[in-house]
Protein chains: 2
Amino acid sequence: MDKQKKTIGIVGGVGPYAGLDLNRKIFDHTLATNDQEHLPVLMASFSETIPDRTRYLLHGDVENPARGLYRVVALLNSSGATVAGIPCNTAHAQPIFHELVKRIHAGGLQIRLLNMISEVIAEVKSTFTGDTLVGILSTLGTYESGLYEAYFRRTGIPLLQPDKALAENVHAAIYHPDFGIKARSSPVTKKAGKIIKSAVRKLGDQGAEAVILGCTELPIALPCDTFQGIRLIDPATILARALIRDTYPEKLKPITG
Amino acid sequence: MDKQKKTIGIVGGVGPYAGLDLNRKIFDHTLATNDQEHLPVLMASFSETIPDRTRYLLHGDVENPARGLYRVVALLNSSGATVAGIPCNTAHAQPIFHELVKRIHAGGLQIRLLNMISEVIAEVKSTFTGDTLVGILSTLGTYESGLYEAYFRRTGIPLLQPDKALAENVHAAIYHPDFGIKARSSPVTKKAGKIIKSAVRKLGDQGAEAVILGCTELPIALPCDTFQGIRLIDPATILARALIRDTYPEKLKPITG
């Protein structure tokens, strides 16, 4: 639109509801009392052109999702977006994100892509002390690729991963074609909700004081700040606030409570 | 993206949450069990550039919103959208919508703009008989401009408008800076919810068998198919289904129940 105006871009479609969730959080965290006070946001949801991130990382039998992600970032850029975020944790695994950043540089795009996981790390470091145990729930793609471990290694904050069986359960709650959140999210099925709540509880039993809901589908099932005394960290909320801070910091709603 | 692919465009920002609501309904009504099966959707939410529709219709002290709406439609078009919808009832009032369509023709845009109200009329005609009384709740802009009356006149189906006092209450439930849905929608305030439920009940008491929630903010407060025996008609759901039918009819989820 107006070339002087900063526009927030959302790489949607990974998954479609995660895009909506990030977009809603941008609106929710903006200081606005009418339509006109809201920020310019462009969301491109092109799910079909971006292969499944976890499948690429675990099996490698689809093309690198970086290619499809790049096309969406390029479209957002040519449509006027000046900054963008991807509401998909798994897309931030090194083999995908690094390739995407390389393509953005090579393509000479004039858009700044925020890194959701780096934003989460910054938030965790500013909120917790070094001896706080932080847990993580995610897809198997994020789990097996050691995405959060790699980012956490430098912080000094210990990261608690679930065992493999629990990780597989959580993955099913996201991906299962009958009860998974990607297939049925309005509302989330009872089965998916139960698995995710039980997983948070198990990490809490092992000493986690906070749990990162490290797949953007998870907070759809558990849209709270704390659950049974355990602080829940939602990367999409942190990314939404980072996108506002990056473009219109004066419009960022203060955190209350 | 892919020039062969049909892309659905959403004129977002009128209001921002109504855009999200339409986008969610497109996903909800698509036959898909994973990300890749979802349809390509582009949503441009540029609220600041589109003056308030009701204010323009009632007071005329802001520029015609058609100008801002046109810029968004043109952006969607140049970004690859082949069809578009506007999830704002008031924007369909003749002085705005007619001007927008004129600009689209003059600009030579290659995008088909669906008319949400025409889609609602088609749905009402196929669902109800000529002697069914259908009620309507809306903003004062839609109310005073006689938008739905003008469209209904040709159908033969009688339309029940609320009296002025009730219409003003409903308008406040949408627009009030403290409790209105445009200012506070996650969650909707108790006061706004109460006003809207009571308004539906009053139209029902006067014989309405169905009520059109004729402002895209209203179904956020009352997200049901029926309320106390009265069938609720949500123009955004009808528009979402029309956009899918127009692009990928084979992906349209059948209506159940």
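Here is the naming used below: chain letters follow the sequence lines, and residue numbers restart at 1 for every chain. Computed from heavy atoms alone, side chains included, the values below leave out hydrogens, waters and symmetry copies. In this text, all values refer to a predicted model and were calculated from it rather than measured experimentally.
For the residue pair B:Thr7 and B:Thr82, no side-chain donor N or O sits within less than 3.5 Å of a side-chain acceptor on the partner.
In this structure, the portions of B:Asp52 lying under 4.5 Å from any heavy atom of chain A include both its backbone and its side chain. For B:Leu39, the part lying under 4.5 angstrom from a heavy atom of chain A is the backbone only. Of the atoms belonging to B:Ile8, not a single heavy atom falls under 4.5 Å from chain A.
Ring geometry for B:His92 versus B:Phe97: interplanar angle under 30°, hence parallel rather than tilted (30 to 60°).
Between chain B and the residues A:Ile50, A:Asp28, A:Asp178, A:Ile10, the largest count of heavy-atom pairs under 4.5 Å involves A:Asp28. Heavy-atom pairs under 4.5 Å with chain A peak, among B:Arg184, B:Arg24, B:Gln36, at B:Gln36. Note on A:Leu76, A:Val14, A:Asn34, A:Asn23: by heavy-atom pairs under 4.5 Å with chain B, the leading option is A:Asn23. Heavy-atom pairs under 4.5 Å with chain A peak, among B:Pro177, B:Ala74, B:Ala32, B:Ala183, at B:Ala183. Contact tally against chain B (heavy-atom pairs below 4.5 Å) for A:Pro40, A:Pro16, A:Ala44, A:Gly15: the top residue is A:Pro16.
Checking B:Val62, B:Ile96, B:Leu58, B:Asn89 one by one against B:Arg53, the side chain to side chain contact (heavy atoms under 4.5 Å, CB included) holds for a single residue, B:Ile96.
Look at B:Asp35 and A:Lys182 and you find a salt bridge, because one of the NZ, NE, NH1 or NH2 atoms lies within 4.0 Å of a carboxylate O, short of that distance. Taking 4.0 Å as the cut-off between side-chain N and carboxylate O, A:Arg55 and A:Asp61 count as a salt-bridged pair. For the pair A:Lys6 and A:Asp246, the salt-bridge criterion is not met [side-chain N within less than 4.0 Å of a carboxylate O].
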